[in-house]
Structures are given as C-alpha cells and as structure tokens.
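Here's the structure, in structure tokens; my notes come after.
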Amino acid sequence: MPAQTIRAGEHCFSFQMDDFRRHCLLEGLDSIGLTLQHDAEISRFEQRIPDFLS
C-alpha cells in the first residue's frame, strides 16, 4: 500500500484516506470513470428495457 504522506522539503505530513477514495485516487477515477467500468452490465440492462419505455 502506498504511504499516506506528503513531503515538502524537510517536512512530512501524514493523512488518512478510506480504501474507496484511495482506490479512486490511485486509478485516476471520477464518477464517470467508475460508471464506465460497468459499461457491459449497463448495456445488457438497457437491452432489456421494453421498446415502449424508451
């Protein structure tokens, strides 16, 4: 696991971050990126929507 510290010259600052936020930060994911990870499932769901509802 990457260290949760920021170094600036001789100063070192520690911080805490929950697992989900850490995952998003390290993977460069925002809300859209998270959603696009489920693109195949979303497409399968949309194919099941009856024509009269679309």
Side-chain angles (χ1 to χ4, degrees):
M1 174 184 346
Q4 294 183 69
T5 58
I6 297 173
R7 296 187 184 276
E10 295 180 10
H11 301 282
C12 183
F13 304 94
S14 296
F15 63 94
Q16 296 296 316
M17 182 178 287
D18 65 74
D19 292 339
F20 175 73
R21 302 265 181 230
R22 183 182 310 113
H23 168 75
C24 291
L25 178 65
L26 294 174
E27 298 298 322
L29 296 170
D30 59 5
S31 297
I32 294 171
L34 286 167
T35 302
L36 289 176
Q37 289 183 323
H38 302 282
D39 185 48
E41 293 94 341
I42 293 168
S43 293
R44 283 194 297 274
F45 173 80
E46 288 175 336
Q47 290 172 358
R48 295 190 324 240
I49 297 173
D51 289 337
F52 70 91
L53 292 178
S54 57

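Everything numeric here is computed off the predicted structure, so don't read it as measured data. Note that these values count all heavy atoms, side chains included, but never hydrogens, waters or copies made by symmetry.
Counted within 6.0 Å of CZ on Phe15, heavy atoms from surrounding residues, nucleotides or ligands total more than 12; the atom is thus considered enclosed. Heavy atoms from other residues, nucleotides or ligands lying under 6.0 Å from CD1 of Ile32 number 12 at most.
Distance check, rounded to the nearest 0.5 Å: CG of Leu25 to CD of Gln4 gives 10.0 Å. For the atom pair CG of Leu36 and CD1 of Ile42, the computed distance is 7.0 Å after rounding to the nearest 0.5 Å.
For residues 27-53, no pair satisfies side chain to side chain donor-acceptor pair (under 3.5 Å), with sequence neighbours left out.
In terms of hydrophobic clustering, with Ile, Leu, Val, Met, Phe, Trp and Tyr side chains grouped at heavy-atom distances under 4.5 Å, Leu26 and Met17 are assigned to different clusters.
Partners of Asp19 by salt bridge (Lys or Arg N to Asp or Glu O under 4.0 Å), not counting sequence neighbours, listed by chain and number: Arg22.
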